[in-house]
Amino acid sequence: MKQTFSQRCYSLLKQVPRGKITTYKAIANALHTKAYRAVGNAMNKNPFSFSDGGNVPCHRVIKSNGEVGGFFSGTAAKIKMLKAEGIPIKNNKVVDFEKYLYQF
DNA sequence: CGGTTGACCAAGT
DNA sequence: GACTTGGCCAACC
């Protein structure tokens, strides 16, 4: 079945285990494209969520500069969840996010 | 099919 | 270090 670019993003996201994170850029790179924005755009209109049966951890996606980025329920909620997964965050930025990055 | 949008990125000011 | 500009690409109207 052919999927849209967005669907592919979700599939990759599902591969990210708990306690790990990824960046918009990393996803785009994994898809061999430079559509960083399209990835974020896909999440923004995401038909799924981590609460859905798809278990898409949208909250584990952050920006390339280590900043948390946005979230449909607010950045604060996103940070809260990441912390709950064991990822330290400081001033809206992930501490040593590189070592929490999931390599596809 | 052209124009707008966006949970972005990198470089310049 | 904070703000602006240009660029990039898919989805939506």
Side-chain angles (χ1 to χ4, degrees):
Chain A
M1 122 181 197
K2 286 190 179 231
Q3 299 177 106
T4 60
F5 179 85
S6 313
Q7 296 287 323
R8 278 177 280 189
C9 297
Y10 305 141
S11 298
L12 280 170
L13 223 44
K14 286 187 200 173
Q15 301 176 49
V16 181
R18 184 176 185 278
K20 290 260 184 176
I21 54 179
T22 187
T23 68
Y24 296 102
K25 189 175 187 183
I27 294 174
N29 183 48
L31 294 174
H32 313 117
T33 179
K34 291 143 192 120
Y36 324 109
R37 295 189 119 169
V39 176
N41 200 2
M43 295 303 137
N44 182 16
K45 300 176 186 151
N46 86 48
F48 302 109
S49 63
F50 64 99
S51 320
D52 187 69
N55 270 332
V56 182
C58 322
H59 61 279
R60 289 187 198 142
V61 186
I62 63 171
K63 303 209 296 187
S64 299
N65 73 342
E67 196 174 314
V68 198
F71 200 53
F72 74 99
S73 296
T75 319
K78 186 169 178 177
I79 293 173
K80 222 173 167 185
M81 284 187 287
L82 289 174
K83 279 185 164 182
E85 306 235 333
I87 299 174
I89 296 176
K90 187 120 192 164
N91 194 18
N92 284 3
K93 303 202 186 0
V94 179
V95 179
D96 294 325
F97 76 98
E98 302 178 294
K99 76 172 152 189
Y100 296 105
L101 262 183
Y102 175 74
Q103 312 288 6
F104 292 106

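Predicted, not measured: the structure shown is a model, and the values here were computed from it. So you know, we letter chains A, B, ... as the sequences are listed, proteins then strands, and number each from 1.
Backbone-only engagement by A/S6 is indicated by non-hydrogen atom pairs under 4.0 Å involving sugar-phosphate atoms exclusively. Within 4.0 Å (heavy atoms only), A/F5 reaches sugar-phosphate atoms of the nucleic acid but no base atom. At a threshold of 4.0 angstrom between heavy atoms, the contacts of A/A35 are confined to the sugar-phosphate backbone, with no base atom among them.
You'll find that the side chain of A/K45 is closest to C/dA11, out of C/dC8, B/dA10, C/dA11. Proximity note for A/T4 (side chain, C-beta onward) versus C/dA11, B/dA7, B/dC9: the nearest is C/dA11.
Following rounding to the nearest Å, A/K63 (NZ) and C/dC8 (P) show an atom-to-atom distance of 19 Å. A/K93 has its NZ atom 11 Å from the C1' atom of C/dG1, to the nearest Å. Taking atom CG of residue A/N91 and atom P of nucleotide C/dG1, one finds them 11 Å apart after rounding to whole Å. Between the CG atom of A/L13 and the P atom of B/dA7 there is a distance of 16 Å, rounded to whole Å. Atom CD1 of A/I27 is separated from atom C1' of B/dC9 by 14 Å (rounded to the nearest Å). The nearest whole Å value for the distance from the OH atom in A/Y24 to the C1' atom in B/dG6 is 11 Å. What separates CE of A/M43 from P of C/dC9 is a distance of 18 Å, to the nearest Å. Note: CD (A/E67) to P (C/dA2) measures 11 Å, nearest angstrom.
Side-chain atoms of A/Y36 and A/I27, non-hydrogen and from C-beta on, never get closer than 4.5 Å to each other. Side-chain contact between A/T22 and A/F104: present, with at least one pair of heavy atoms (C-beta onward) separated by less than 4.5 Å. Side chains of A/F97 and A/T23 form a contact here, defined as non-hydrogen atoms less than 4.5 Å apart.
Heavy-atom nearest nucleotides on DNA chain B were determined for A/K25 and for A/G40, and the one closer to the 5' end corresponds to A/G40.
Separation of atoms NZ (A/K78) and CZ (A/F72) is listed at 10.5 Å; rounding is to 0.5 Å.
Considering only side-chain N and O atoms, A/T75 lies nowhere under 4.0 angstrom from the phosphate OP1 or OP2 of B/dA7. For A/N44, a side-chain nitrogen or oxygen approaches OP1 or OP2 of B/dA7 to under 4.0 Å. Here A/T33 does not reach the OP1 or OP2 of C/dC9: none of its side-chain N or O atoms lies under 4.0 Å away.
A 6.0 Å sphere centred on NZ of A/K93 holds more than 12 heavy atoms belonging to other residues, nucleotides or ligands.
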